[in-house]
Amino acid sequence: MIRKSSPLEMFEAPMSGKRTLTLACWVAVAAVALSGCASAPLSFLYDQQVYRPQVLNRFPLRVLAIDGSFTAFRPVPIAPGTHALLLAAAPVAGFTIPPEKTYTIDIAPCTRYYIAAQRTSPLLQDWDLVVEATYATGGCDPARELEKAKTAAISGIAPRASSVLETTTASR
């Protein structure tokens, strides 16, 4: 004799598996978050927005690379110290390729930077980097962040919760 399962039993099994999967996901997220707290840089670059829109000829920027390594995270986490940023401004009307420039910037620990492009005219492609605002990052110890940055620089090891996608070349 074949036993038919009730509608309640059909939904019970997948739900218990779903709960287990959800619990496993939360545990994985917590583990990544806790491991990142020990080594993640706590300075950030906020791009792709204009913090003070009332300023004329101010345009959004996009951080393309930090010290030659391309980034995809927003806001962009960055270690304290001096870095070379490859930036692209939004193109002016009539142009399709955004103008790119490299700027050297000194990043302080535990700081949020709001950056934008300043043009002399809305019709010109040329622009300059403007740090519109800086704010302290809450729950951050600047001395500890500087120590982590020094240790990473001396050992040549990037922080575990890296903000950049490493550029690699395949050896043939």
Side-chain angles (χ1 to χ4, degrees), residues 29 32-33 35-37 39-172:
V29 167
V32 169
S35 68
C37 290
S39 63
L42 289 178
S43 292
F44 298 95
L45 294 173
Y46 287 82
D47 61 347
Q48 298 182 342
Q49 62 187 350
V50 175
Y51 188 74
R52 294 198 170 96
Q54 69 274 18
V55 178
L56 290 178
N57 305 323
R58 187 80 40 106
F59 295 90
L61 279 177
R62 179 172 166 91
V63 177
L64 299 176
I66 300 170
D67 297 328
S69 297
F70 293 94
T71 182
F73 297 102
R74 298 293 180 263
V76 181
I78 188 168
T82 303
H83 298 282
L85 302 177
L86 178 62
L87 305 167
V92 175
F95 292 89
T96 57
I97 299 173
E100 297 176 0
K101 288 187 175 183
T102 301
Y103 280 92
T104 302
I105 187 169
D106 189 29
I107 302 294
C110 303
T111 307
R112 294 179 289 160
Y113 292 88
Y114 290 85
I115 59 173
Q118 181 67 46
R119 292 188 168 117
T120 55
S121 168
L123 302 175
L124 296 176
Q125 280 280 84
D126 191 35
W127 56 272
D128 290 315
L129 173 65
V130 175
V131 177
E132 294 187 294
T134 59
Y135 295 103
T137 302
C140 179
D141 180 20
R144 185 170 175 224
E145 289 301 310
L146 283 173
E147 187 61 36
K148 285 193 298 187
K150 286 179 192 174
T151 304
I154 290 171
S155 65
I157 299 172
R160 282 185 292 178
S162 179
S163 65
V164 293
L165 300 174
E166 299 299 325
T167 54
T168 59
T169 55
S171 55
R172 297 176 189 191

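From a predicted model like this one, the values you see are computed outputs, not experimental measurements.
Within the structure, salt bridge (Lys or Arg N to Asp or Glu O under 4.0 Å) pairs that include any residue of residues 85-95 do not occur (at least two apart or interchain). Counting only residues at least two apart or in different chains, disulfide bond (SG atoms under 2.5 Å apart) contacts with residues 109-150 comprise C110-C140. Sorted by first then second residue, the salt bridge (Lys or Arg N to Asp or Glu O under 4.0 Å) pairs that include residues 42-56, not counting sequence neighbours, are D47-R74. Evaluation of the disulfide bond (SG atoms under 2.5 Å apart) test over residues 49-98, restricted to residues two or more places apart or in two chains, returns none.
Residues satisfying the side-chain contact (heavy atoms from CB on, under 4.5 Å) criterion with A108, sequence neighbours excluded, are T111, Y113. Residues forming a side-chain hydrogen bond (donor to acceptor under 3.5 Å, both in side chains) with D67 (at least two apart in sequence, or on another chain): H83. Evaluation of the side-chain contact (heavy atoms from CB on, under 4.5 Å) rule for L129 yields L61, L87, Y103, I115, W127 as partners, not counting sequence neighbours. Considering only residues two or more places apart in sequence or on other chains, R112 meets the salt bridge (Lys or Arg N to Asp or Glu O under 4.0 Å) condition with none of them. Residues meeting the side-chain contact (heavy atoms from CB on, under 4.5 Å) test with T82, sequence neighbours left out: T104, D106. Taking R62 as the reference, nothing meets the salt bridge (Lys or Arg N to Asp or Glu O under 4.0 Å) condition, with sequence neighbours excluded. Remark: P75 pairs with F44, Y46 by the side-chain contact (heavy atoms from CB on, under 4.5 Å) rule, at least two apart or across chains.
At distances below 3.5 Å, at least one donor-acceptor pair connects side-chain atoms of E132 with backbone N or O atoms of Y51.
No side-chain heavy atom of V55 sits less than 4.5 Å from a side-chain heavy atom of V130. Between T71 and I78, every side-chain heavy-atom pair lies at or beyond the 4.5 Å cut-off.
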Mind listing the side-chain donor-acceptor pairs of residues 116-126 below 3.5 Å, one per line with the distance, residues two or more places apart or on another chain?
| unit_1 | atom_1 | unit_2 | atom_2 | d |
| --- | --- | --- | --- | --- |
| Q118 | OE1 | R58 | NE | 2.5 |
| Q118 | OE1 | R58 | NH2 | 3.0 |
| Q118 | NE2 | L56 | O | 2.9 |
| Q118 | NE2 | N57 | O | 3.4 |
| R119 | NE | L124 | O | 3.1 |
| R119 | NH1 | A90 | O | 3.3 |
| R119 | NH2 | A90 | O | 2.6 |
| S121 | OG | L123 | N | 3.2 |
| Q125 | OE1 | V92 | N | 2.9 |
| D126 | OD1 | K101 | NZ | 2.7 |

> Where do L85 and I66 land on the side chain to side chain contact (heavy atoms under 4.5 Å, CB included) test, with the steps shown first?
Replying inline: CA-CA 5 Å; L85 302 177; I66 300 170; 3.8 Å; yes
